[in-house]
2 protein chains.
Amino acid sequence: MKALLKDIEEEILSAGGKRSRSRAAVMEQFFRTRNHTTVEELTRAVRTRFPRIGAVTVYRTLKLLARMGYATELDFGDGARRYESSLSSHHDHLVCTVCGAVIEFENKDIEKLQDLVTLRHGFRPAAHRLEIFGRCRKCAANGAEGRNE
Amino acid sequence: MKALLKDIEEEILSAGGKRSRSRAAVMEQFFRTRNHTTVEELTRAVRTRFPRIGAVTVYRTLKLLARMGYATELDFGDGARRYESSLSSHHDHLVCTVCGAVIEFENKDIEKLQDLVTLRHGFRPAAHRLEIFGRCRKCAANGAEGRNE
DNA sequence: TTTGATCTTGAAATTCATTTTCACATTACA
DNA sequence: TGTAATGTGAAAATGAATTTCAAGATCAAA
């Protein structure tokens, strides 16, 4: 973790950037925080320790991490962009449209089939995103209605 | 097509809605227009024939169609929500981050694997979305840089 | 067909996430 | 240490999407 932050800082340096306390604080909090966090959540979290850090810096830092490949932008259709660390192994999402729960899953076979598809189209994949929307076990049992029903 | 519009109108009626010329015009244009259209594009198209129709009505109509299951909301990460008719068979997308080209593909095997995954989690799927981002054949050959590089 | 309740509309106002601007602070490196 | 460049935060700007509201349509009952 300590090492990770150092690596990122050095990558920024060698790309012509500079170190910054604010950015370091945001990055550390980001890799600490639960996954699928929004800018708003992360800003609040960072501010408990560094009250003067602005939301703009959080936006900028997350965008930077995404550009460098350390974070992934997500969209679960609720109007707020979410970010997750891209360091843990790749996974996709089951999103419950009733209670908002997000279940992560990993499926190598699906990935392999995706590679076949891209190959067939001469397409060079860089990233992908698979989200399945529906009702989680609990909400399906309750027979409750979802956001779009 | 004529029949489709009639069906939708009747579904709206039996749900307590009323007929409307504006909405009919938007719907007809929507099913005529190329896929992956934005509200802005569709508004412009509708207005060539009905200049007084407002963008608000287009927003409302597309949202309605999505709620009724006749349209699907998409997000290719370029800041504008897109809609496609959900009448043609389901497919997913390869999105070129260099030139913006969108290639549709269909893969039953991937869908089957998805069903297995949801089953395993007791999840009742209602919709899913799979987008693969990267470079299309042409842009990969050119060695050009993409939006996020 | 008139009436009246209800839905729909379009323009303008509003909301809300995100981006840009800008003056000032911080950092890197000579 | 000087200084050129990058980073910061507050406020302003942007832009897509939604809400509001008064006026216009539509439908069903009388």
Side-chain angles (χ1 to χ4, degrees), chain A residues 5-6 8-30 36-44 46-47 49-68 71 73-83 147-148, chain B residues 5-6 8-30 36-44 46-47 49-68 71 73-83 147-148:
Chain A
L5 293 178
K6 201 167 176 182
I8 299 180
E9 288 279 57
E10 273 173 19
E11 199 175 330
I12 292 175
L13 280 184
S14 67
K18 295 183 177 171
R19 248 181 278 271
S20 129
R21 295 157 191 294
S22 299
R23 189 164 54 200
V26 174
M27 292 197 296
E28 181 173 353
Q29 188 65 49
F30 172 67
H36 311 145
T37 190
T38 61
V39 169
E40 195 264 328
E41 280 171 2
L42 190 57
T43 303
R44 226 172 329 111
V46 171
R47 278 185 169 160
R49 289 205 285 158
F50 304 89
R52 308 192 49 73
I53 291 185
V56 194
T57 297
V58 179
Y59 273 104
R60 281 193 279 234
T61 303
L62 288 179
K63 197 129 251 185
L64 178 64
L65 287 176
R67 227 182 307 129
M68 295 172 68
E73 301 189 337
L74 299 172
D75 167 25
F76 294 153
D78 60 351
R81 187 183 297 162
R82 287 166 188 281
Y83 286 87
R147 282 201 303 248
N148 292 308
Chain B
L5 293 179
K6 201 168 177 182
I8 298 181
E9 289 279 57
E10 273 173 19
E11 199 174 328
I12 292 175
L13 280 185
S14 66
K18 296 184 176 171
R19 250 180 274 271
S20 129
R21 297 158 190 293
S22 299
R23 190 164 53 199
V26 174
M27 292 197 297
E28 180 173 354
Q29 188 65 47
F30 173 67
H36 312 145
T37 189
T38 61
V39 170
E40 195 265 330
E41 280 172 3
L42 191 56
T43 303
R44 228 176 323 114
V46 171
R47 279 185 168 159
R49 291 205 283 158
F50 304 89
R52 308 192 49 72
I53 291 185
V56 195
T57 298
V58 179
Y59 273 104
R60 282 193 277 233
T61 303
L62 289 179
K63 197 125 252 183
L64 178 64
L65 287 176
R67 228 181 308 130
M68 295 172 67
E73 302 189 336
L74 299 172
D75 167 25
F76 293 154
D78 60 351
R81 188 185 296 163
R82 286 165 189 282
Y83 286 87
R147 283 201 300 247
N148 293 311

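Within every chain, numbering begins at 1; the chains are lettered A, B, ... in the order of the sequence lines, protein sequences first and strands thereafter. Because the structure is a prediction, the values reported are computed rather than measured.
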Can you tell me how far apart [atom1] ([X]) and [atom2] ([Y]) are? Round to the nearest 0.5 Å.
X: A/Thr43; Y: A/Leu62; atom1: OG1; atom2: CG; answer: 8.0 Å
X: B/Gln29; Y: B/Arg49; atom1: CD; atom2: CZ; answer: 6.0 Å
X: B/Phe30; Y: B/Thr37; atom1: CZ; atom2: OG1; answer: 8.0 Å

**Partner set under side-chain contact (heavy atoms from CB on, under 4.5 Å) for B/Glu11, not counting sequence neighbours** =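 With neighbours one apart ignored, the set is B/Met68, B/Tyr70.
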Can you tell me the distance, in whole Å, between the [atom1] atom of [X] and the [atom2] atom of [N]?
X: B/Glu40; N: D/dG15; atom1: CD; atom2: C1'; value: 12 Å
X: B/Leu64; N: C/dT9; atom1: CG; atom2: P; value: 9 Å
X: B/Ile12; N: D/dC27; atom1: CD1; atom2: P; value: 11 Å
X: B/Phe50; N: C/dT9; atom1: CZ; atom2: C1'; value: 15 Å
X: B/Glu41; N: D/dG15; atom1: CD; atom2: P; value: 17 Å
X: B/Ile53; N: D/dA25; atom1: CD1; atom2: P; value: 13 Å
X: B/Arg52; N: D/dA23; atom1: CZ; atom2: P; value: 15 Å

What's touching nucleotides 26-30 of chain C from the protein side, N or O pairs under 3.5 Å?
residue, atom, partner, partner atom, Å
C/dT27, OP1, A/Arg21, NE, 3.3
C/dT27, O2, A/Lys18, NZ, 2.8
C/dA28, OP1, A/Arg19, NE, 3.0

**Request:** Produce a footprint string for nucleotides 17-22 of chain D: one letter per nucleotide, 5' end first; B if the base is under 4.0 Å from any protein heavy atom, S if only the sugar-phosphate is, - if neither.
**Result:** BBBB--
**Message:** So that I know where these two stand, are A/Phe76 and A/His36 an aromatic pair - ring centroids less than 6.0 Å apart?
**Reply:**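 They qualify: ring centres under 6.0 Å apart.
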**Item:** Summary of salt bridge (charged side-chain N to carboxylate O under 4.0 Å, His left out) pairs that have at least one residue in residues 54-64 of chain B, sequence neighbours excluded
**Value:**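 Those involving residues 54-64 of chain B are B/Lys63-B/Glu73.
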**Message:** Test salt bridge (Lys or Arg N to Asp or Glu O under 4.0 Å) on B/Glu40 and B/Arg44; report intermediate values, then the result.
**Reply:** CA-CA 6 Å; B/Glu40 195 265 330; B/Arg44 228 176 323 114; 3.0 Å; yes
**Message:** As a test of understanding, state which of A/Leu42, A/Leu65, A/Val39 forms a side-chain contact (heavy atoms from CB on, under 4.5 Å) with A/Tyr83.
**Reply:**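 Filter result, single survivor: A/Val39.
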**Under-4.0 Å side-chain N/O to phosphate OP1/OP2 contact, A/Arg23 with D/dG7** =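 Looking at the OP1 and OP2 atoms of D/dG7, one of them is under 4.0 Å from a side-chain N or O of A/Arg23.
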Between side-chain atoms of residues 15-26 of chain A and protein atoms elsewhere (two or more places apart, or another chain), which donor-acceptor pairs fall under 3.5 Å?
residue, atom, partner, partner atom, Å
A/Ser20, OG, A/Ser22, N, 3.4
A/Ser20, OG, A/Arg23, N, 3.0
A/Arg23, NH2, A/Lys18, O, 2.2

Nucleotides 28-30 of chain D: which of its N/O atoms have a protein N/O under 3.5 Å away?
none

**Asked** Under 3.5 Å, side chain of A/Arg81 to main-chain N/O of A/Leu74, donor-acceptor pair present?
**Response**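 Checked: no pair found.
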